[in-house]
Each structure stands twice: as structure tokens, then as C-alpha cells.
Amino acid sequence: MSAAPLVGYSSSGSEDEAEAEAASAATGRTGPGNRRRRRSQSSLPCQRFPVPESVLNMFSNTEEGPEDDSTKHGGRIRTFPHERGNWATHIYIPYEAREEFLDLLDVLLPHAQTYEPRLVRMEEFHLSLSQSVVLRHHWILPFVQSLKDHVASFQKFFFTANQVKIYTNQEKTRTFVGFEVTSGHAQFLDLVSEVDRVMEEFSLATFYQDPSFHISLAWCVGDAHLQLEGQCLRELQEIVDHFEDSELLLRALAEQVRCKSGNKFFSVPLK
């Protein structure tokens with residue numbers, strides 16, 4: 001954020017003199033003292049004092065965008081640098097977590113944390129249809145309109161996500177525990193095909209070649225797949241398989257495609 005500019009204010013003495021002159025003008029009188037003071041002031045040479053260097057340098061480091069401080073967002077590291085006017089953009093299907101789903105997470109997460117204590121529950125749940133890409137601000141509305149044109153004709157569909165899986169991002173800077181989609185995969189591929197066309201239209205990166213559609217449940221910083229694969233993963237899957245009504249619980253309806261660009265959200269309902 002750029003610093004606010006320094007603003008010069010007139011001194012209270014100048015304001016008092018202006019008020020005195022206004023009062024004299026209102027009465028129609030200008031006293032001799034006022035005339036002498038004006039003559040003596042006009043004869044004084046105009047002096048400019050140098051601005052201290054400490055003031056000149058006060059805001060020298062505040063012209064660029066906000067500092068990327070990873071400590072302010074759980075230690076996460078940006079996959080691309082922040083630039084003013086660039087908006088991080090992501091397309092996905094939102095997943096509305098029911099109470100029973102959160103009850104299952106209340107059992108799964110503490111067990112996973114015995115293997116990796118740094119795991120933190122996700123605040124929101126979704127299934128990605130794109131990578132995170134960068135849009136210029138003036139591209140956002142044309143991009144969203146193109147997305148609507150490509151996916152609005154799609155029908156709503158049911159899917160099931162009940163297979164526990166461990167994921168890391170491409171940079172290996174974050175690890176996720178998720179539920180992988182086991183039915184509805186073909187419909188997700190069809191949607192991604194249309195989303196990829198939108199990305200190509202704007203010369204942006206398309207989705208992964210062989211995607212694993214999933215709902216991320218929890219995450220931690222760094223590559224923790226060795227701690228979470230194997231025994232931990234098998235135990236987590238057993239918890240899911242034996243959880244009451246898990247088969248129905250983890251079946252959901254895809255009703256809309258959502259686009260998040262910066263702090264803006266756009267939804268495209270499916271038919």
C-alpha cells in the first residue's frame with residue numbers, strides 16, 4: 001500500500017491574522033498598525049528552508065505493493081509474486097459441509113494429527129476445476145462471461161468423494177488430506193474440458209493432464225506425505241468406511257461452478 005502524501009497545513013498564527021483582517025474589512029476600517037505590518041512583511045526576503053533528509057526518506061520504502069509476509073497466513077508461500085493489478089483467480093465447485101460431514105472430520109483430523117501435528121482444518125470446502133492463475137483486472141468480466149458461455153448448459157450431477165488421499169502442491173510447499181472423487185469423475189472431466197477452453201482463450205495455464213478431483217479437508221506447510229502415507233492413510237480410510245452412513249454422507253450434488261478472482265466471487269448455476 002502506498003503511503004499517504006505529506007500535507008502542509010497553515011499555522012494557527014496565519015489563521016489568526018486572516019481572521020483579524022476579515023474583521024477589519026467587515027467594519028470598513030484598516031488600522032495604521034495593520035498597514036505598517038504589511039509593509040514590513042512585504043520588505044522581508046522570502047527564505048526557503050531545506051527539508052530534513054529524515055523527512056524525505058520517511059516513506060522511501062512504501063511505494064510498492066503489500067509485503068508478502070507468510071507469517072500472516074499460516075506460513076503459506078505464494079506460488080506467484082504479488083503484483084499490483086494482478087488478481088489470483090480460481091474456478092471450482094463449492095461443497096457445502098453438512099453437520100454430519102463436520103462430525104466425521106472431528107474424528108479424522110485428531111487421528112491424522114497424531115502423525116502430523118501441524119495439520120489444520122480447511123475453513124471452506126470445494127473441488128477445483130482449474131489451477132490458480134493470474135488475471136489482469138480488466139480481464140475479469142470478459143473471463144467470467146466466457147466461463148458462463150462454456151459451462152451454463154451443463155446439467156447438475158451427483159458425485160461421491162469417499163477415498164482418503166494425501167496430496168502435495170506442485171512446489172511441495174503444502175500438503176493436504178482430502179477425499180478423492182470415486183463417482184462423477186467423467187462429469188468433472190467434461191467441465192474441466194470447457195474451463196480449459198476459457199483458459200486457452202486468455203492464454204492461461206490449463207488444468208492437470210490426469211487430475212484427481214478431491215475435497216481438501218486439512219493442510220499443513222511443507223511436504224508431509226511421508227508422515228501421512230502408509231499406516232496413517234489406511235487408518236483414516238478405515239474410520240471413513242466404518243463411519244455411520246458414510247456412503248450417503250459423502251455423496252453430493254454439483255449445482256454451480258464458482259469463480260473467485262481476488263476478493264470477487266462469481267457463480268454459474270448448472271441446469
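Reckoned from all heavy atoms, side chains included, excluding hydrogens, waters and symmetry mates. All values derive from a computational prediction rather than experimental measurement.
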What residues, two or more places apart in sequence or in another chain, satisfy ring-ring contact (aromatic ring centres under 6.0 Å, His included) together with [X]?
X: Tyr95; result: Phe101
X: His137; result: Trp87
X: Tyr167; result: His214
X: Phe266; result: none

Q) Residues in side-chain hydrogen bond (donor to acceptor under 3.5 Å, both in side chains) with Lys156, at least two apart? A)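 With neighbours one apart ignored, the set is empty.
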
**Q.** Qualifying residues under side-chain hydrogen bond (donor to acceptor under 3.5 Å, both in side chains), relative to Thr168, sequence neighbours excluded
**A.**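 Checked Thr168 against side-chain hydrogen bond (donor to acceptor under 3.5 Å, both in side chains); matches are Lys172.
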
Who are the side chain to side chain contact (heavy atoms under 4.5 Å, CB included) partners of [X], not counting sequence neighbours?
X: Glu96; answer: Pro94
X: Gln237; answer: Gln163, Val164, Val240, Asp241
X: Leu135; answer: Thr89, Trp139, Ile140, Phe143, Leu204, Ser261

Looking at [atom1] of [X] and [atom2] of [Y], how far apart are the two atoms once the value is rounded to the nearest 0.5 Å?
X: Leu228; Y: Gln113; atom1: CG; atom2: CD; value: 10.5 Å
X: Leu191; Y: Tyr92; atom1: CG; atom2: OH; value: 14.5 Å
X: Leu109; Y: His111; atom1: CG; atom2: NE2; value: 11.5 Å
X: Glu238; Y: Arg234; atom1: CD; atom2: CZ; value: 8.5 Å

Q) Can you list every salt bridge (charged side-chain N to carboxylate O under 4.0 Å, His left out) pair that touches residues 100-114, not counting sequence neighbours? A)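 Of all non-adjacent pairs touching residues 100-114, those that pass salt bridge (charged side-chain N to carboxylate O under 4.0 Å, His left out) are Asp106-Arg121.
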
Q) Going by the salt bridge (charged side-chain N to carboxylate O under 4.0 Å, His left out) test, which pairs reach into residues 184-203, not counting sequence neighbours? A)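 Residue pairs passing salt bridge (charged side-chain N to carboxylate O under 4.0 Å, His left out), neighbours aside: Glu194-Arg197.
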
(Q) Restricting to non-hydrogen atoms, name the atom on Cys259 and the atom on Val144 that form the minimum distance, rounded to 0.1 Å. (A)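 Shortest heavy-atom separation between Cys259 and Val144 comes out as SG-CG2, 4.4 Å.
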
Q. Between Gln231 and Tyr115, is any side-chain donor less than 3.5 angstrom from a side-chain acceptor?
A.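 No - no donor-acceptor pair under 3.5 Å links their side chains.
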
Q: Establish, from distance only, whether the side-chain atoms of Ser130 and His90 form a donor-acceptor pair under 3.5 Å.
A: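 There is no such pair (donor and acceptor under 3.5 Å, judged by atom type) between the side chains of Ser130 and His90.
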
Q: Sort and list the pairs that fulfil ring pair (Phe, Tyr, Trp, His ring centres under 6.0 Å) and have at least one residue in residues 173-200, not counting sequence neighbours.
A: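 Found Phe157-Phe188, Phe159-Phe188, His185-Phe213, Phe188-Phe213.
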
